[in-house]
Protein chains: 2
Amino acid sequence: MELHQLRYFVAVVESGGFSKAAKRCFVAQPSLSQQIIKLESELGNKLFDRLGRSVVLTETGKALLPKARLILSETDNIKTGITEEVDSGAGTLSVGIIPTISPYLLPGSLKRFSESFPQAKLALNENLTEKLVEGVVNLEIDTAIMSLPIENKLIQTETLFDDPLVLALSPEHPLSEAPEIKIDDLKEIPFIALGEEQCLGEQVKNFCYEKQINPDIICRTWNLSTIQQFVSLGDGVSLVPKMFVNTDTSGICTYRNIEDQAPSRTVVAAWHKHRRPSMLAKGFTRIVKEEYDSLLKSRDI
Amino acid sequence: MELHQLRYFVAVVESGGFSKAAKRCFVAQPSLSQQIIKLESELGNKLFDRLGRSVVLTETGKALLPKARLILSETDNIKTGITEEVDSGAGTLSVGIIPTISPYLLPGSLKRFSESFPQAKLALNENLTEKLVEGVVNLEIDTAIMSLPIENKLIQTETLFDDPLVLALSPEHPLSEAPEIKIDDLKEIPFIALGEEQCLGEQVKNFCYEKQINPDIICRTWNLSTIQQFVSLGDGVSLVPKMFVNTDTSGICTYRNIEDQAPSRTVVAAWHKHRRPSMLAKGFTRIVKEEYDSLLKSRDI
DNA sequence: AGCAACCATAGGCATTACCTATAATACATA
DNA sequence: TATGTATTATAGGTAATGCCTATGGTTGCT
């Protein structure tokens, strides 16, 4: 059974004859006849009673007609249907995101996303960079929001923004009143560090190594809120991303930019090298970028 | 777009690769690849992201998948679906029937028919032979129940039964007690006749002509019940079909067989010469025949 | 680096849908 | 009854196209 056979069949019904149907279908009458005969032999029953002047549907033909019409309308609408569906943003986007970004950008981004793509569904995966990379490579994750560096050659990235690291310290800390803070001020200072399996922890460590800072790590924890708590208690300081600062409404910490050679982490969207990001994925990364921009505008140190 | 392309597409999705899909579809891998590419170019978008080891659906592919599955399941089930539908007797049968049969056979036949084909619908058309023939030729009527002769060459018939004509007379009529009734007894007898546009009226007239009976038509009416009334009143007699007798529960008339050369009308099912009677049509005519048989058994004169 | 798995491309072959021409039939008209 | 017209079926050739084998180019694993 072929689609053109069904088309011919419906044309015969609607035009009331083989010859007329053939004209309508832009084929010669014998071609159409043959295909109808073929269809009939496949179904094992005649579809039409051929009378001299006209043809009428048999029982089998009557039963076939609605089914044929359904199939044809489905196929005819398939292209526009798909286009509409894709354009409307229906579908599921699988997103990965690292824990040191998620709490600060995700709430606002999710709101924006559901407004922009009301038909879309989102599958979220908050995890360490390593796991996210794995997910992207294994095609479980469409787009991951994380920070450089990413080693895997199968992954392609697009930079969303550079997120500066700023110094977090207690309002009572001597440096909180200094006119400006330089890298040298950080050497041998008591430091509260993030676990190194977190990429942010790794980045801070590398930054210190490069700048020949040798911080005295007095505490190591696994999330930024805890760092904030420790910092507010007294001597220890830490480096935290600016997006964290702009969502901190507690006021228990003071934050200072580092003026020279300010450290930063580069936040990117990452996807499988061979996959073209879907419209939803593009939309999502754009929204994350916008969310970050509006976050920075909302407050300055 | 072709059905086999959709089949290949679904096979790729389900098997997770072109080569595996090709095996499953019993074609060479390049053939399948070509068809997928063709489908993609027709839809204007890639359906799969080809990665080294595996392929994954694009957004377009995701949108196509359920539609393709729907179309394929429709087409795969089309043959069995039609067969079931036809076999179940769904559909409409258009039946024609003459007025001198309808009141006697139709009630029972309809009951039997709806029991045998609960899904079927019936379109009834009670009319004179002439109109029924017209309807059959114009394809408005599938099957007509009428009696011979039928002149039209476009019509094919199947004899259902021979319905004898019997003498109807008043219980007080002298002939009602006669040991047996012969044709000669009818010569020059007062006669109540049916309208000649009714085929039964015509048949009776022809029968009388052939047998050189010259009835004294004292009354002419247009239905058998009226004949019955007139007969019961006194002198006049009439010839009525046996199926009428067997449904007459009034008891106001006596009926006698005519022993020698008994007249009868041949009741047939008639349909367009070039149309094969549908299962419903066959079922209906069979049921009418059965109804007549059981009617005869139910009572004898 | 070498190998295995996989998809794409190229070119030839075979199937088949299509075409033209013609036959066969039904139906209307003279 | 004969003829013309409209219709579908048949026959045989042509062209399109789906399929095949062989091969190339990647990817990813060892």
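Computed from a predicted model, the values in this text were never measured in an experiment. Naming: A, B, ... by sequence-line order, numbering from 1 per chain.
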Between protein and nucleic acid, restricted to nucleotides 19-22 of chain D and to nitrogen or oxygen atoms under 3.5 Å apart, what atom pairs and distances do you find?
residue	atom	partner	partner atom	Å
D:dC19	OP1	B:Y8	OH	2.7
D:dC20	OP2	B:A28	N	2.5
D:dC20	OP2	B:S31	OG	3.0

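Within the 4.5 Å cutoff, the side chain of A:F161 has heavy atoms near those of the A:L105 side chain.
With rounding to whole Å, B:E40 atom CD is found 12 Å from C:dA8 atom C1'. One interatomic measurement links the two molecules: CZ of B:R50 to C1' of C:dT9, which rounds to 13 Å at whole-angstrom precision. Residue B:L47 contributes atom CG, which lies 15 Å from atom C1' of C:dC7 at whole-angstrom precision. If you measure from atom CD of B:E2 to atom C1' of D:dA16, you get 13 Å, rounded to the nearest angstrom. One atom, CD1 of B:I37, and another, P of C:dA10, lie 11 Å apart when rounded to the nearest Å. Taking atom NZ of B:K20 as the reference point, atom C1' of C:dC7 lies 12 Å away to the nearest angstrom. A straight line from CZ of A:F18 to P of D:dT7 spans 13 Å, rounded to a whole angstrom. Atoms NZ (A:K23) and P (D:dT8) sit 10 Å apart, rounded to a whole Å.
Contact annotation: B:S33 does not reach the phosphate of C:dC7 (side-chain N/O to OP1 or OP2, under 4.0 Å). The phosphate of C:dC7 has OP1 or OP2 within less than 4.0 Å of a side-chain N or O from B:S19.
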Next item on the list: Show the numbers, then the answer: is there a salt bridge (Lys or Arg N to Asp or Glu O under 4.0 Å) between A:E14 and A:R69?
Entry: CA-CA 11 Å; A:E14 289 178 352; A:R69 284 209 169 106; 3.2 Å; yes

Next item on the list: List the steps and the verdict of side-chain hydrogen bond (donor to acceptor under 3.5 Å, both in side chains) for B:D163 and B:S264.
Entry: CA-CA 5 Å; B:D163 189 29; B:S264 73; over 6 Å; no

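Surrounding NZ of A:K23 are at most 12 heavy atoms belonging to other residues, nucleotides or ligands under 6.0 Å away. By the 6.0 Å contact criterion, CD on B:E130 is open, its count of non-hydrogen atoms from other residues, nucleotides or ligands being 12 or less.
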Taking distance alone, no hydrogens or angles, what donor-acceptor pairs closer than 3.5 Å link side-chain atoms of residues 39-48 of chain A to residues at least two apart or in another chain?
residue	atom	partner	partner atom	Å
A:E40	OE1	A:R50	NH1	3.3
A:E40	OE1	A:R50	NH2	3.1
A:E40	OE2	A:L47	N	2.8
A:E40	OE2	A:F48	N	3.4
A:E40	OE2	A:R50	NH1	2.8
A:S41	OG	A:K38	O	2.9
A:E42	OE1	A:M1	N	2.8
A:E42	OE2	A:M1	N	2.7

